[in-house]
Amino acid sequence: MTAEMSVPSTALLAGADRDGSNYTARHLLVLEGLEAVRKRPGMYIGSTDSRGLMHCLWEIIDNSVDEALGGYCDHIEVILHDDASVEVRDNGRGIPVDVEPKTGLSGVEVVMTKLHAGGKFGGGSYAASGGLHGVGASVVNALSARLDVEVDRGGHTHAISFRRGVPGSFAAIGPDAEFETGGLRKVKRIAKNRSGTRVRYWADRQIFLKDAKLSLDNLHQRARQTAFLVPGLTIVVRDEYGLGEGGSKGEESFRFDGGISEFCEYLATDKPVCDVLRLTGQGTFKETVPVLDDHGQMTPTEVTRELGVDVALRWGTGYDTTLRSFVNIIATPKGGTHVAGFEQAVAKTMNEVLRAKKMLRVAEDDIVKDDALEGLTAVVTVRLAEPQFEGQTKEVLGTSAARRIVNTVISRELKAFLTSTKRDAAAQARVVMEKAVAAARTRIAARQHKDAQRRKTALESSSLPAKLADCRSDDVERSELFIVEGDSALGTAKLARNSEFQALLPIRGKILNVQKSSVTDMLKNAECGAIIQVIGAGSGRTFDIDAARYGKIIMMTDADVDGSHIRTLLLTLFHRYMRPMVESGRVFAAVPPLHRIELVQPKKGQDKYVYTYSDRELRDKLMEFQSKGVRYKDSIQRYKGLGEMDADQLAETTMDPRHRTLRRINLSDLEAAEQVFDLLMGNDVAPRKEFISSSAATLDRSRIDA
């Protein structure tokens with residue numbers, strides 16, 4: 001709700017007329033300077049949870065990286081101090097310390113306290129930069145309880161501190177130390193050739209949520225990514241706070257001289273079918289921007305911009321597409337015009353060469369974007385001054401000319417590779433094009449099969465697997481499909497379910513491990529085929545989540561090692577061939593109990609049976625009963641499988657929405673999930689053996705039925 005909308009409602013509570021006649025200009029609040037940031041932090045950093053906390057750190061790091069992009073800095077250090085503060089050091093030119101004539105403030109104060117102020121607007125300081133709106137450092141300052149800046153420049157170290165945006169100095173370390181207002185001051189003399197900036201800040205806990213915390217993994221990932229994108233730059237991450245596993249501290253250093261070619265090889269997980277290609281070029285475009293003239297007026301002026309394109313890509317034997325895009329080394333996870341131009345160029349160029357070499361039959365349609373990008377790993381980077389982004393979080397590039405220039409460069413360079421007459425390059429190009437043609441033919445065959453299925457009559461289309469116990473409701477949002485382990489559990493589950501909206505599909509033991517198998521083998525497998533057919537939304541690239549017949553898919557397996565293995569096999573199937581179901585949060589794991597305790601003469605309002613879900617919970621519950629004098633039968637039932645429960649027990653503990661516990665399967669980190677599935681279920685045995693060996697010591701042997 002906006003501030004303007006909330007004022008009338010407050011006035012109404014105070015006795016204003018219902019027609020709003022008391023809503024006047026005096027009700028409007030004008031926020032100035034950094035007040036606006038503290039009032040609406042989400043506008044600037046996205047949120048006030050852990051993501052927002054990380055975004056503040058990115059803003060400070062990106063300022064140092066911009067110095068590296070300009071060739072002024074080759075070493076950046078990020079320190080997570082043990083007092084929860086964060087410090088970023090660089091050996092760049094240092095923030096200007098002289099007085100800015102319009103405001104009368106030092107350059108450091110302007111950068112740290114004025115929104116939309118910085119060296120990235122005029123074009124003279126940075127040819128290309130990640131920070132573009134001039135609000136990064138000032139936003140971090142506004143959202144910090146304390147921020148210290150030290151600048152080495154001109155033979156002196158200059159220092160200033162801020163308390164929630166107010167400049168001055170602190171008497172000691174920490175945000176609660178005594179504070180005195182003031183300006184930039186010289187601290188000590190240093191060598192004239194020494195320069196750099198150090199920014200240390202304490203995030204304001206009045207702004208951020210209590211559980212907001214920095215992620216060391218995300219920081220390492222971002223540092224590694226930046227080191228790939230800026231060859232020759234060393235980034236050191238030192239953890240003195242203890243964010244590592246088990247509270248461990250340590251230091252990691254990142255430097256990659258191979259650039260995005262090395263990054264592309266790092267991202268690719270499948271076997272290559274061609275070498276890493278480096279496609280580079282540049283183009284110019286004109287745009288009208290407001291420029292400050294000699295009289296201090298903003299005058300619309302047409303300027304010529306230069307846009308550089310640098311792309312590393314290679315095709316592999318896999319089916320997934322991994323595409324990372326960057327503008328001035330800032331990641332654009334949601335793409336933008338540069339990605340659109342790249343994808344369009346790859347599909348268009350591939351079609352041109354396929355037609356010229358007659359690898360596509362005359363009657364066949366052109367391949368589409370997904371066919372050309374199948375198995376592709378690519379890093380797309382563009383560099384330009386003052387790109388247009390959508391929002392301060394810079395996730396989507398909006399500069400329209402980027403599409404045309406990227407399209408032109410990629411079309412020219414990729415065509416040269418696909419039509420190369422050199423023996424090795426020609427052989428690789430042919431394999432790449434054959435892969436795209438095969439992907440197109442597979443897609444068309446799958447679509448024809450799907451269309452044929454849809455054309456069946458109502459009587460024919462009802463031929464779902466005979467073992468499916470379907471529900472009566474047609475409401476997809478409400479309906480649930482339980483994938484049940486074994487026929488014995490199916491019999492009990494039929495009596496326990498609510499047949500109005502709960503469907504049951506039994507599977508026989510362990511299904512095929514689809515991580516190791518081809519698409520053909522997966523479709524031939526009876527259990528996998530039944531699951532895909534019952535869900536009714538297809539598989540792989542043709543999967544259409546809107547066609548899914550059920551709102552929830554619930555895996556109901558025994559609470560033992562075999563049950564966990566079956567659940568992992570099912571998750572592998574969903575992750576590889578029905579991933580949108582997982583991404584949308586529609587896949588769940590049921591949580592059946594392990595034990596049932598029968599109470600002797602329970603008190604009024606007390607359940608006769610108490611269920612526990614782990615050995616520890618059982619011990620705690622029994623100790624609680626003993627301390628409270630609650631009597632129970634010594635013969636505590638230990639469930640070894642779902643089939644041991646009667647229908648009432650299964651319904652009460654596992655299937656009834658009013659009482660059950662479900663674990664939602666989510667996919668917060670796709671790359672990490674891919675690595676885990678490949679480790680646990682992939683073809684490479686050695687890493688799995690090492691994982692099992694190293695994890696054996698942490699296993700609770702009491703959980704194994706022997």
Side-chain angles (χ1 to χ4, degrees), residues 465-469 480-494 496-497 502-517 521-535 539 550 552-579 581-582 585-594 613-615 638-645 649-650 653-655 660-667 673-674 676-683 685 688 691-692 695 699-700 703-706:
K467 58 185 180 179
L468 171 70
E480 302 174 345
L481 174 66
F482 283 83
I483 300 177
V484 185
E485 176 190 347
D487 292 335
S488 59
L490 175 67
T492 312
K494 277 185 178 178
R497 70 167 177 156
Q502 291 180 330
L504 303 172
L505 177 67
I507 57 171
R508 288 184 180 179
K510 298 179 180 179
I511 68 167
L512 180 73
N513 178 5
V514 298
Q515 192 77 8
K516 288 183 177 181
S517 311
D521 291 338
M522 184 275 294
L523 292 173
K524 284 180 182 176
N525 182 265
E527 305 300 322
C528 294
I531 293 169
I532 291 171
Q533 185 183 2
V534 166
I535 293 173
S539 63
Y550 303 96
K552 286 189 179 79
I553 309 297
I554 303 170
M555 298 171 290
M556 193 162 69
T557 59
D558 293 343
D560 58 11
V561 174
D562 282 336
S564 298
H565 190 200
I566 292 169
R567 189 163 59 246
T568 306
L569 289 165
L570 287 169
L571 282 174
T572 308
L573 174 66
F574 278 97
H575 176 262
R576 191 170 173 108
Y577 292 105
M578 292 178 278
R579 188 178 298 168
M581 291 293 286
V582 183
R586 290 169 63 171
V587 179
F588 299 82
V591 185
L594 274 179
Y613 294 82
S614 68
D615 291 334
R638 168 69 158 85
Y639 295 115
K640 297 213 173 186
L642 297 170
E644 289 188 18
M645 297 185 188
Q649 294 168 7
L650 186 62
T653 61
T654 315
M655 298 189 72
R660 72 188 180 193
T661 299
L662 295 179
R663 288 199 186 104
R664 187 193 299 272
I665 310 300
N666 57 43
L667 202 61
E674 290 279 8
V676 169
F677 276 111
D678 203 46
L679 171 69
L680 297 179
M681 313 301 286
N683 285 310
V685 176
R688 182 158 54 249
F691 168 75
I692 294 170
S695 304
L699 179 66
D700 181 4
R703 295 176 60 190
I704 301 178
D705 297 326

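Everything numeric here is computed off the predicted structure, so don't read it as measured data. Numbering of residues begins at 1 and proceeds along the displayed sequence.
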The criterion is side-chain contact (heavy atoms from CB on, under 4.5 Å); which residues satisfy it with [X], sequence neighbours excluded?
{"X": "A489", "value": "V484, L642"}
{"X": "R497", "value": "A469, S499, Q502, L504, M655"}
{"X": "T661", "value": "V591"}

What residues, two or more places apart in sequence or in another chain, satisfy side-chain hydrogen bond (donor to acceptor under 3.5 Å, both in side chains) together with [X]?
{"X": "T654", "value": "none"}
{"X": "K467", "value": "E527"}
{"X": "Y577", "value": "none"}
{"X": "R660", "value": "E480"}

Tell me, please, which residues at least two apart from K494 pass salt bridge (charged side-chain N to carboxylate O under 4.0 Å, His left out). none
Note, [X] side chain near [Y] side chain (heavy atom, < 4.5 Å):
{"X": "M522", "Y": "I532", "value": "yes"}
{"X": "I566", "Y": "I507", "value": "yes"}
{"X": "H565", "Y": "T557", "value": "no"}
{"X": "P593", "Y": "M645", "value": "yes"}

Take M555 and I665 through the test side-chain contact (heavy atoms from CB on, under 4.5 Å) and record every step on the way to the result. CA-CA 10 Å; M555 298 171 290; I665 310 300; 4.2 Å; yes
